[in-house]
Amino acid sequence: MRDALIEQAVQVLRRNDRGTYTVPTHGLYPFQWNWDSALSALGFAHFDEVRAWTEIDTLFAHQWEDGMVPHIIFHERDEGYFPGPDVWATSRKVPTSGITQPPVAAFTVRRLFDRAKDKTLARERAKALLPQLHAWHQWFFRARDPKGSGLVAIIHPWESGRDNSVDWDIALLRVPTDGVEPFTRRDIQHADPAHRPTRAQYERYIWLVQTFRSLGWDNTRLHDASPFQVVDPGFNAILIRSCADLADLADQLDEPDIARQSRDLAERGSAAMETLWSRAHGQYLCLDRTTGSLIDSPSVGGLLAAFAAIPADRAASISRRIEKLGEAAQFLIPSHDPTTAEFDDLRYWRGPAWLIVNYMIADGLLAAGQSDMVDRIIADSIRLIELSGFAEYYSPITAAPCGGAHFTWTAAMVLEFLASPTTGPSLPQLSGSAMG
Ligand code: GLC
């Protein structure tokens with residue numbers, strides 16, 4: 001069974017491979033997405049290290065001059081996606097969107113580097129990427145933390161990667177819908193509308209895009225101009241983890257300045273993260289930067305904080321919290337608390353389980369010594385695949401596959417769970433004949 005799953009995962013990656021980048025899935029997402037690519041590279045590395053490095057190189061070839069790495073790169077025209085390059089109008093030679101996504105790339109690069117069989121190639125690629133990764137991290141603290149709080153805000157729900165999370169509901173109501181140009185959604189032609197965000201949410205998403213576009217995508221202005229500014233613990237944990245990983249990598253590659261600066265950013269971020277802790281919920285919460293209040297929404301974003309180094313008692317509390325969620329859900333980890341009124345087991349980030357999130361939380365909890373919970377998360381992840389294939393996401397109640405099928409990062413995470421030397425203490429290692 002394990003070898004068959006590995007073989008299928010490899011096939012999904014190959015099917016979505018466009019040579020120098022990978023699409024998340026045919027139809028629904030026909031371009032390169034930022035954090036999808038970074039996480040998918042981990043999958044490629046199991047059977048083709050060169051291809052894994054190329055995925056990251058392609059992503060960073062489209063970094064903006066100010067340091068931002070965009071959330072979508074529109075390598076080819078495809079009318080089946082909205083909002084396409086004409087809506088974003090970012091005036092790039094190869095068109096891109098104008099916002100970013102969770103900066104998981106430095107974590108990936110470090111992992112690729114640590115595990116590389118071809119050490120010469122890894123050194124060369126990692127060394128070339130180091131300043132680019134660092135520039136992106138610095139951009140975050142400049143453009144998305146202008147008051148120097150130590151934590152960055154997202155200014156559009158799509159930046160979080162958790163597009164329609166309950167976490168954004170109240171802040172999103174502050175975004176108007178007047179002046180939104182008429183549009184036709186394409187996502188609901190590829191996926192069940194009951195699994196996707198609502199029309200009302202889409203109008204607000206597009207209002208933000210139009211507003212940023214009217215400001216010429218000038219990142220020195222966008223943060224303050226946005227009526228949506230949310231500090232997401234999951235997003236910040238990814239940034240903090242990436243800064244810490246970049247620091248270690250920079251030490252190994254003899255770049256002491258990058259190492260020192262990255263370590264400073266990670267330390268400041270970790271200290272500030274503690275302001276997001278909710279004793280009542282036993283997890284971290286989002287902060288609405290516009291109002292200055294924590295958002296009372298116990299979502300998986302606050303659990304994903306475990307991806308960064310957090311105090312041991314916090315990790316234990318997060319582990320207990322996941323255990324509690326498991327009493328109401330058959331499959332870990334629901335993206336929202338199933339006991340709340342907002343929970344919807346099928347609708348995207350309002351309840352479904354996602355393997356990439358499971359992977360990052362498991363990785364963090366493993367480092368924090370929570371190995372029983374890690375075993376459970378991995379076992380549930382593999383059960384979802386066995387029952388429902390390589391879907392975009394799954395009902396945590398019934399395991400129903402949702403969104404797009406043959407999904408790249410889901411397949412990459414399966415390779416990580418089943419073939420990785422650093423996850424799954426209870427999963428025996430594979431010799432890898434299926435990996436060829
Ligand atoms: C959706 C997800 C986002 C992902 C993208 C491509 O927008 O919410 O996290 O990057 O699809 O898979």
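Keep in mind that the numbers below use all heavy atoms, side chains included, and drop hydrogens, waters and symmetry copies. Both ligands and their constituent atoms are indexed starting at 1 by order of listing.
- At a threshold of 4.0 Å, the pair Arg14-Asp48 does not count as salt-bridged, since none of the basic side-chain nitrogens sits closer than that to a carboxylate oxygen.
- Listed by chain and number, the residues in a salt bridge (charged side-chain N to carboxylate O under 4.0 Å, His left out) with Asp86 are Arg77 (sequence neighbours excluded).
- No donor-acceptor pair under 3.5 Å is formed between the side chain of Arg321 and the backbone N or O of Gln283.
- Looking only at distances, a side-chain donor or acceptor of Gln210 sits under 3.5 Å from a matching main-chain atom of Gly179.
- Around ligand 1 you find Pro24, Tyr29, Trp33, Trp35, Asp36, Gln101, Gly161, Asp163, Tyr348, Trp349, Phe407, Trp409, each with a heavy-atom distance below 4.0 Å.
- Side-chain N or O atoms of Trp217 include one that pairs as donor or acceptor with a backbone N or O of Trp88 at under 3.5 Å.
- Between Asp78 and Arg186 no salt bridge is recorded (no basic side-chain N to carboxylate O distance below 4.0 Å).
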